[in-house]
Structures are given as C-alpha cells and as structure tokens.
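Shown next, in structure tokens, is the structure this report addresses.
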Number of protein chains: 2
Amino acid sequence: MKVGRDKIAIGPKPSAYHHGDLRRALLASAEMVLAERGVEGFTLRECARRAGVSHAAPAHHFGDVTGLLTALAALGFETLIAAMQEARAGIEDPTERLRAIGRGYVAFARDYPERFQLTFDWHRLNHEDPALRAAGGAAFEELETAIRLVAGMPDEPLEGDLLADLVHTWSLVHGFSHLLLSGQLDHTGTGERVITDLLEGVIARVRVSAHSGARKRSDKGM
Amino acid sequence: MKVGRDKIAIGPKPSAYHHGDLRRALLASAEMVLAERGVEGFTLRECARRAGVSHAAPAHHFGDVTGLLTALAALGFETLIAAMQEARAGIEDPTERLRAIGRGYVAFARDYPERFQLTFDWHRLNHEDPALRAAGGAAFEELETAIRLVAGMPDEPLEGDLLADLVHTWSLVHGFSHLLLSGQLDHTGTGERVITDLLEGVIARVRVSAHSGARKRSDKGM
DNA sequence: TCCTGCATCTTGACATTGGCAAGAAAGGAG
DNA sequence: CTCCTTTCTTGCCAATGTCAAGATGCAGGA
C-alpha cells in the first residue's frame, strides 16, 4: 500500500518532516476542501489529510482554523481582483470598463461561490490581519478606479456624490451576486446577465455627479 | 399538573417528558444561541441545554441541525418583513415609503446580524422547505409592492424595466447591508445612514421606467 | 379498571472535530 | 560531535451531530 504523497509530485521529499513548502501545500488543499465541501464542511484535519501531513501540522503555520481561513480569504480577494481585471482587459472606454468589471464581480461569485462567501464572511476571519485588509483594500481600489475613469477624474480622490456612487455600485454588484447565490432572485426570474443592465442606472448617476460640481454637492442630507 | 408555558420560570419542571411546547421552546433558545454565539457557534446541544431537554430531543422536532436552522431562517424572514413594515408604518407617500423600507432592511441587518446571515445563507438551509420559501416570497413582495406604488401602478405585476428596478433596489439594500456587516465599507468611511441617499438613484429610475412605456421597454438587451 | 399502541423524550454509544502538550526528526551553529 | 531551534507527529481531551435502544406518559379500547 502506497503511503507516499502523490499530490502533484511534490518533489524529492519522502519524509514528512520539514516538508519544505507546507504552508503553500496546505493552502492548496484548503482551497480544494473549500470548493468541495463549502465553508461549513471545511475542516482543518481534512486539509492536513490532503496535504499528507498530520492533523496538527496546520497549527504551526496558521495558528488555528481562523488563521487558515483568513489566509484563504485574502487569496479570495486576489481571485476577485483577478476576475475583475480579466473581465476589463483590453477595454478602453470607461463605461464599458465599468460594465465589464461588474460582470467580472458577478462571475467570480458564480464560479467560486464558496470563496465568495468566505471572503465576505464576518465570522471566523481575523479582520485585523494585514494581508486580508490589504487584499480587501485592493479590491476596493479596482472599483474606485473604474468609477473615477467614468467620472472623468482619474487622479482626484472620490468625495461627496461620487463616493456615494461608488458605494452604490459596490453594493449593487455585491448584493446582486449574493442574492443570486442564495437563490432569492428566483422570485424574479432574473438571470445573471441582468447585471449589465442594472449598472446603467449607476453609470448615468456617476455622469450626473461628475458634471454637477462633483466634489462639493454632498450637502443633500449626509 | 399543568403543562403550560413555563419557559421563563424554569422552576416547575418535574418531568421533561411531554414538554408540551418543545418545538417553540427550542426555537426560542435557538434564537438566543444564534444571537450570542453566531451562526458558526450554533450547536444543537446548546439549544437543547437551554430548553432544559436532552441533547437528542431536537431531532424529533426538526430532524437535524439543518431543519432547525431552516425554521430559524423562516422566522428571520418574518422578522425582516416586520422590520420593513414597522419602518414604513404610517407613511403614505410612496417615495418616502420606499426610503423607509430600505432603512428598515438595513436596520434589520444591523440589529440582527446573525439572523441576517443565516436567512440569506445558501448552505445548511433546506431551500425546498415550504415555510422558508413562503417567508422569502413574502419579503420579496414587500419590496415589490413598494416599487409598484412608486411607479404608480399598484395592481399590475412588474415587468421589463420596472422588474429590473426592483432587482436593482433589492440588490442595493442587500449588498449595502452585507458590506456594512462584513466591514468592507470601512474603506469608504460610509455609515449606514447613507442608504437613504443611495435609494434616490433607484427612485429616479423607477419614475423614468414608469413614465416611458413601463411594461414594454424591456428590449434594451435583455 | 387494565392493557396495549404510540408519540415523545432520555440514555448511551460512535465517529469526527479543534486544540493542546509532549515527543521525535531534521538541519544548522558552535 | 554536541546542542539548539524549527518543524512535524503522536496522543489526548472535551465537544459535537447522529443513530439506536430504552424509558415515559397519554389516549383509546377491552
């Protein structure tokens, strides 16, 4: 009976001691477990099993299950960013760019529902973790840049109405993705292609905000 | 011997057999556990403990943990509906009504974050459960009615652009609530009061949809 | 009255989990 | 070679969800 680690021919390391790259191997198996069993079915011991190490090995690299999930969530943010960047690749027109980014966001939720859920979970994640915060900020900036381009002000930071438009956009694509995954949109018979149409409203609003004072018109009731 | 509801005064508990209203008692303790320990920290045995019964008692009423959580999620939908109805109570103007409902939605997420998470979870819930489907449909109808009133067509079913506006509204308030709870909106410095402002964009759009053909203008690209 | 059927609840067991403590293995520094 | 640190293993613990078997109280029929 073969006991060797035959994951992807990990390398010339028959001994499990000093694996060499156990952290990365654990993250890889953790992504598999997450995709297969979901966030609820995720267990540390299963990750260790797939990495070919003992059940207590992950503790040394990630502390506890929260540490491993937090590292996974940070990777999830990076996957989300990659999905948005891939969707907008080669598109010059700012409006088309924003539409593509929205589609990329929803596509990420559709293709990696478990990672989407984990990434935006507010339990079991260490929100003080620098890597997680950095990844979340980078995802935020991807959207912010797109809005700035639509508004025609690529350099200045967003304020006032344009900041509200950014929050509007993010809430829209995020809520749409979440409702889609939770099956609630079945009530409406709405498919995921609709996100492009929904973004039209926000795009029109960004144009209005940009043309009418932009940075100052924030005295409506905030 | 009286078998009445003595949940609060635990005192007269001579026999745990034939509790009389164990299902309701378990739901009550389950809500407490959910609120205190969150969705992850939720355990069947803790619910049974607080209800004063053995660890296997819940199985007979809810089957497994999924059954209990599904029943809880249905109650969560009803709480959400109650929050929206309470927020719009006494408001006649359709636009103000929609704003109030949006605030009620976000307030529900803020006040009952665990229930919000559970209700829209797509794991561990039996989405075929009739009670859950009915509760979700009722919450959906609360929003649909509000949109119909803003559009000025309280009787006809929503189609085309107005249906898209409904999905837009729901996605917006839901995504905003979710991002708020997950702490991602900290990047923007945006508080929860902003939801009223965000709804302005949708309201304007509903008016446009209602005035320009309403039920026919769905040939944009859907 | 007694007795039998039945729904309800308890008890006990089992496999699995996360976390901790102690020990073993590998590799480097002196 | 010896010692020390890092890395991983082994063994253990309490807790969990689920199942099987038993205990308990109620209702209905003789």
Side-chain angles (χ1 to χ4, degrees), chain A residues 3-5 7 10-30 33-34 36-72 118 123-126, chain B residues 1-7 10 12-30 33-34 36-72 118 123-126:
Chain A
V3 197
R5 96 205 50 276
K7 288 199 313 94
I10 245 345
K13 277 289 185 154
S15 165
Y17 282 85
H18 298 77
H19 180 288
D21 206 359
L22 184 53
R23 182 185 168 91
R24 198 178 307 268
L26 281 173
L27 281 175
S29 45
V33 174
L34 183 70
E36 285 182 22
R37 319 222 173 162
V39 186
E40 338 291 339
F42 184 89
T43 64
L44 266 183
R45 288 170 111 102
E46 178 65 24
C47 297
R49 230 169 280 143
R50 302 207 186 191
V53 293
S54 78
H55 64 263
H60 199 276
H61 289 272
F62 299 97
D64 53 357
V65 64
T66 298
L68 179 50
L69 287 179
T70 300
L72 263 189
L118 172 66
H123 296 104
R124 305 206 288 189
L125 257 52
N126 178 19
Chain B
M1 176 180 319
K2 194 156 165 266
V3 203
R5 181 139 346 189
D6 41 16
K7 289 195 301 113
I10 290 293
K13 203 199 66 171
S15 163
Y17 281 87
H18 297 76
H19 179 287
D21 206 0
L22 184 55
R23 182 187 168 88
R24 199 179 306 269
L26 280 174
L27 281 175
S29 46
V33 175
L34 183 69
E36 286 181 22
R37 319 223 174 164
V39 186
E40 337 295 337
F42 184 89
T43 65
L44 267 184
R45 287 170 113 103
E46 178 65 22
C47 297
R49 232 170 277 142
R50 303 209 186 188
V53 293
S54 78
H55 63 265
H60 199 277
H61 290 272
F62 299 97
D64 53 357
V65 64
T66 298
L68 179 50
L69 287 179
T70 300
L72 263 189
L118 173 65
H123 294 105
R124 305 206 289 192
L125 258 49
N126 178 19

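Proteins get letters first, then strands, A, B, ... in listed order; numbering begins at 1 in each.
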Polar pairs (N or O, both sides) under 3.5 Å between protein and nucleotides 10-15 of chain D?
residue: dG11(D); atom: O6; partner: His55(A); partner atom: NE2; Å: 2.9

Could you tell me the separation between the CD atom of Glu40(B) and the CG atom of Leu34(B), rounded to the nearest 0.5 Å? 10.0 Å
Short side-chain N/O contact from His60(A) to OP1 or OP2 of dC8(D), under 4.0 Å: no
Under 3.5 Å donor-acceptor, Thr70(A) side chain and Asn126(A) backbone: yes
Would you compute the distance between atom CD of Glu36(A) and atom OG of Ser29(A) and round it to the nearest 0.5 angstrom? 11.0 Å
Before giving the answer on side-chain contact (heavy atoms from CB on, under 4.5 Å), spell out for His61(A) and Leu22(A) the whole-Å C-alpha distance, their side-chain angles and the decisive distance to 0.1 Å. CA-CA 8 Å; His61(A) 289 272; Leu22(A) 184 53; 3.9 Å; yes
Nearest whole Å is fine: how far is dT18(D) P from Leu44(B) CG? 6 Å
Rounded to whole angstroms, how far apart are CG on Leu22(B) and P on dA7(C)? 17 Å
Separation between CG (Leu26(B)) and CG (Asp21(B)), nearest 0.5 Å, reads 9.5 Å
My understanding is that only residues two or more places apart in sequence, or in another chain, count here; which of them pass salt bridge (Lys or Arg N to Asp or Glu O under 4.0 Å) with Arg49(A)? Glu46(A)
Nearest 0.5 angstrom please: Phe62(A) CZ to Leu72(A) CG, how far? 7.5 Å
Would you confirm whether Arg124(A), through its side chain, and Val39(A), through its main-chain N or O, come within 3.5 Å as a donor-acceptor pair? yes
Of Val65(B) and His61(A), the one whose nearest nucleotide on DNA chain D sits closer to the 5' end is His61(A)
If the helix axis at each end comes from five base pairs, how far does the helix from dT1(C)-dA30(D) to dG30(C)-dC1(D) deviate from straight, to 10°? 20°
